[in-house]
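Letters go in sequence order (proteins before strands), and every chain restarts at 1. Note that this is a predicted model, so its numbers are computed, not measured.
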2 protein chains.
Amino acid sequence: MQDYIKTDKGYAYEYPRAAVTTDSVIFGFDGQELLVLLIKRGGEPYKGCWAFPGGFLNMDETVEECAFRELKEETGLEPDQMEQFGVFSAVDRDPRGRVLTVSFYALIKKEQVSGGDDAADARWFPINALPPLAFDHSDMLREALAALKRDIYHKPIGFMLLDEHFTMPQLQRLYEAILGEQFDRRNFQKKMLASGVVEEQGVERAMGHRPGKLFSFVPENYDQMKEHDSRAKEF
Amino acid sequence: MQDYIKTDKGYAYEYPRAAVTTDSVIFGFDGQELLVLLIKRGGEPYKGCWAFPGGFLNMDETVEECAFRELKEETGLEPDQMEQFGVFSAVDRDPRGRVLTVSFYALIKKEQVSGGDDAADARWFPINALPPLAFDHSDMLREALAALKRDIYHKPIGFMLLDEHFTMPQLQRLYEAILGEQFDRRNFQKKMLASGVVEEQGVERAMGHRPGKLFSFVPENYDQMKEHDSRAKEF
DNA sequence: AATTATTTGTGTAAAAAATACGCAAAACTA
DNA sequence: TAGTTTTGCGTATTTTTTACACAAATAATT
């Protein structure tokens with residue numbers, strides 16, 4: 001399978017081609033706020049600006065593989081799951097030329113990155129206090145967040161932001177941070193338990209207040225959750 | 001903005017590049033079944049197979065513009081709205097070389113195509129009786145359908161498949177065809193009216209049975225619909 | 001003109017889900 | 001031991017969803 005001609009000038013095609021990149025919006029959680037992982041750009045364009053990790057597609061990989069590889073190269077992270085949420089293809093979105101990007105988001109336990117953080121230029125920012133972003137990454141973030149809010153009802157992704165064991169209030173704070181609204185403690189717990197995606201695991205060692213019960217995620221109930229919330233049973 | 005070198009062999013780049021195409025899954029409705037518009041491929045690869053309309057990205061257009069243009073060129077159709085639902089990038093998905101496709105779906109009133117149908121090779125197929133499809137278009141259809149089912153709750157796209165005026169049973173048959181399940185007539189109507197997205201418009205001229213009331217879509221209530229169904233108020 | 005077949009219109013009662021809300025218990029601090 | 005914070009738990013009310021049956025309007029048939 002070869003559709004190009006190798007010349008002394010590089011790889012030549014009959015028609016011009018756009019370059020393809022992937023970008024990844026990585027969400028984290030500090031127990032209170034939703035965070036985003038950004039990388040400070042070392043080179044032009046947008047030198048010194050912050051941007052999402054990402055890079056050019058190789059010829060032997062899918063866009064999913066590309067997003068995963070670039071993320072690992074730039075941050076050391078290897079998320080369990082990456083969700084594709086859109087393609088950005090404005091003609092002038094990259095000053096270097098015609099570059100089209102396929103965007104993903106993933107959820108990461110914050111500790112994972114502080115450990116293997118080879119890129120000294122990677123930093124977490126609270127979602128509500130971001131520096132200026134490179135390219136069209138502000139739009140991208142907006143869409144990533146919209147996708148996350150949409151998906152959190154159908155996919156068990158929220159749990160990826162928490163430790164294996166967590167208290168109900170912790171889980172609730174996460175949902176509140178993502179969805180940007182407040183819920184009633186008692187009703188939140190009631191629904192969570194009713195959905196069957198969490199199970200009791202013990203009691204936390206508390207600090208300064210009554211200790212909460214610990215819960216963990218029940219993977220077997222992924223699909224059930226999907227079912228459960230894929231909207232009203234009857235139209 | 002120029003990132004290539006023009007040689008006698010074509011457009012040369014420092015690194016190899018994948019080609020980018022768009023494909024469009026066009027849904028129609030015959031009052032009973034959900035239909036898909038396919039095009040018979042005239043050339044290799046997959047000559048004689050059926051495929052979704054689509055083609056290569058030009059350098060001066062976004063992927064949305066490309067999908068729209070290709071669709072118009074191949075079928076004469078100009079849908080009001082096209083929804084992007086995924087990128088297909090398996091390395092070997094196209095025998096011609098590395099080709100990555102951005103996929104869209106759109107909903108069309110069936111009459112529109114029978115009119116301006118310059119492509120004699122375009123045909124509607126019932127979604128449950130499709131011929132063998134080219135490339136990875138079977139996967140693509142599956143995902144398009146999943147996206148459509150997801151979106152029909154949040155976006156007022158369903159109405160694009162109906163005439164301006166329609167009866168409640170017609171609307172219901174459409175929803176049933178898309179979602180693949182049956183609903184109670186009375187409850188369906190109750191919810192539709194409660195959502196405010198339809199308003200009464202008169203009475204149909206009937207044939208062989210009691211005539212139904214005609215309804216039409218209320219565009220102002222798009223957002224409300226979105227709101228209405230963006231899930232439970234409290235988590 | 002009356003009968004039949006088909007399809008539509010409408011309302012109400014029961015069940016389930018969502019919401020609002022209050023008080024007691026466990027840890028830490030002073 | 002009293003005060004503060006945060007969690008655990010249960011019930012009454014409201015809203016939404018579901019189940020369900022009979023009457024009315026047309027066209028075709030006799």
Side-chain angles (χ1 to χ4, degrees), chain A residues 30-32 152-154 162-163 165-177 179 181-216 224-235, chain B residues 30-32 152-154 162-163 165-177 179 181-216 224-235:
Chain A
D30 64 3
Q32 218 59 43
I152 200 170
Y153 289 119
H154 308 296
L162 295 172
D163 294 332
H165 299 293
F166 47 83
T167 65
M168 200 51 82
Q170 281 167 352
L171 182 62
Q172 181 172 349
R173 274 193 291 274
L174 171 60
Y175 271 75
E176 289 178 341
L179 294 169
E181 49 183 319
Q182 308 263 106
F183 306 114
D184 181 276
R185 252 173 350 110
R186 297 151 281 194
N187 295 336
F188 180 85
Q189 169 155 349
K190 216 179 297 174
K191 284 197 198 178
M192 269 297 163
L193 292 176
S195 78
V197 293
V198 294
E199 72 182 3
E200 211 172 317
Q201 283 293 333
V203 177
E204 77 175 328
R205 294 145 99 332
M207 343 161 55
H209 57 75
R210 173 171 181 171
K213 284 187 178 174
L214 288 172
F215 295 87
S216 70
Q224 188 180 327
M225 180 179 190
K226 215 167 175 172
E227 200 75 39
H228 167 263
D229 212 332
S230 84
R231 202 61 274 273
K233 347 292 184 191
E234 184 166 319
F235 185 81
Chain B
D30 64 4
Q32 218 59 43
I152 200 171
Y153 289 118
H154 307 297
L162 296 171
D163 293 332
H165 300 292
F166 48 84
T167 66
M168 199 53 80
Q170 283 167 349
L171 182 63
Q172 180 173 349
R173 275 193 290 274
L174 170 60
Y175 271 75
E176 290 178 340
L179 294 170
E181 49 184 320
Q182 308 262 106
F183 306 112
D184 181 276
R185 251 168 358 103
R186 298 154 279 194
N187 295 337
F188 180 86
Q189 168 155 346
K190 216 178 299 173
K191 285 197 198 179
M192 269 297 164
L193 292 176
S195 78
V197 293
V198 295
E199 71 182 4
E200 210 172 317
Q201 283 292 334
V203 177
E204 78 175 328
R205 291 144 102 330
M207 342 164 53
H209 57 76
R210 173 169 181 172
K213 284 186 177 176
L214 289 172
F215 294 87
S216 70
Q224 190 181 325
M225 180 178 190
K226 213 166 177 175
E227 199 75 38
H228 166 264
D229 214 332
S230 84
R231 203 59 276 272
K233 348 293 183 188
E234 183 166 323
F235 184 80

Nucleotide N/O of nucleotides 23-30 of chain D paired with protein N/O under 3.5 Å:
unit_1, atom_1, unit_2, atom_2, d
D:dA24, N3, B:R210, NH1, 3.2
D:dA25, N3, B:R210, N, 3.1
D:dT26, O2, B:G208, O, 3.4
D:dT26, O2, B:H209, N, 3.3
D:dA27, O4', B:G208, N, 3.2

For [X], salt bridge (Lys or Arg N to Asp or Glu O under 4.0 Å) partners two or more places apart:
| X | answer |
| --- | --- |
| B:D163 | none |
| B:D30 | none |
| A:R185 | none |
| B:K190 | none |

Legend entry - Between NE2 on residue B:H165 and CD on residue B:Q201, distance to nearest 0.5 Å: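 It is 5.0 Å, given to the nearest 0.5 Å.
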Rounding to an integer number of Å, can you tell me how far [X] [atom1] sits from [N] [atom2]?
| X | N | atom1 | atom2 | value |
| --- | --- | --- | --- | --- |
| A:R185 | C:dA24 | CZ | C1' | 12 Å |
| A:M192 | D:dC9 | CE | P | 17 Å |
| B:D184 | C:dT12 | CG | P | 16 Å |
| B:L214 | C:dT8 | CG | C1' | 12 Å |
| A:F188 | D:dG8 | CZ | P | 12 Å |
| B:K213 | C:dT10 | NZ | C1' | 9 Å |
| B:F183 | D:dT17 | CZ | P | 13 Å |
| A:R173 | D:dT5 | CZ | C1' | 12 Å |

Legend entry - Qualifying residues under ring pair (Phe, Tyr, Trp, His ring centres under 6.0 Å), relative to B:F215, sequence neighbours excluded: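 By the ring pair (Phe, Tyr, Trp, His ring centres under 6.0 Å) rule, B:F215 matches no residue at all.
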Inset, instruction - Would you please test B:L171 and B:L162 for side chain to side chain contact (heavy atoms under 4.5 Å, CB included) and show each step? - result: CA-CA 8 Å; B:L171 182 63; B:L162 296 171; 3.5 Å; yes
Inset, instruction - Check for a donor-acceptor pair, side chain of B:Q172 on one end and backbone N or O of B:F183 on the other, with a separation under 3.5 Å. - result: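 Such a contact is found between B:Q172 side chain and B:F183 backbone.
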Write out a two-atom table: protein N or O, nucleotide N or O from nucleotides 11-14 of chain D, distance below 3.5 Å.
unit_1, atom_1, unit_2, atom_2, d
D:dT11, O4, A:K190, NZ, 2.9

Legend entry - Per A:K191 side chain, nearest of listed nucleotides C:dA18, D:dA19, C:dG9: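 Of C:dA18, D:dA19, C:dG9, C:dA18 is nearest to the side chain of A:K191.
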Legend entry - All side-chain contact (heavy atoms from CB on, under 4.5 Å) counterparts of B:Q182, not counting sequence neighbours: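 Checked B:Q182 against side-chain contact (heavy atoms from CB on, under 4.5 Å); matches are B:E176.
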Legend entry - Residue pairs involving residues 185-213 of chain A (criterion ring pair (Phe, Tyr, Trp, His ring centres under 6.0 Å); sequence neighbours excluded):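 Listed once each, the pairs are A:Y175-A:F188, A:F188-B:F235.
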Inset, instruction - Give the angle between the helix axes at the two ends of the helix from C:dA1-D:dT30 to C:dA30-D:dT1, taking five base pairs at each end and rounding to 10°. - result: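 Computed angle between terminal axes is 0°.
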Inset, instruction - Would you mind listing every salt bridge (Lys or Arg N to Asp or Glu O under 4.0 Å) that reaches into residues 200-213 of chain B, with sequence neighbours excluded? - result: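 Salt bridge (Lys or Arg N to Asp or Glu O under 4.0 Å) check on residues 200-213 of chain B returns B:E200-B:K213.
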Inset, instruction - Would you kindly compare A:R186 and B:P169 by the position of their nearest DNA chain C nucleotide and give the one closer to the 5′ end? - result: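 Final value for this comparison: B:P169.
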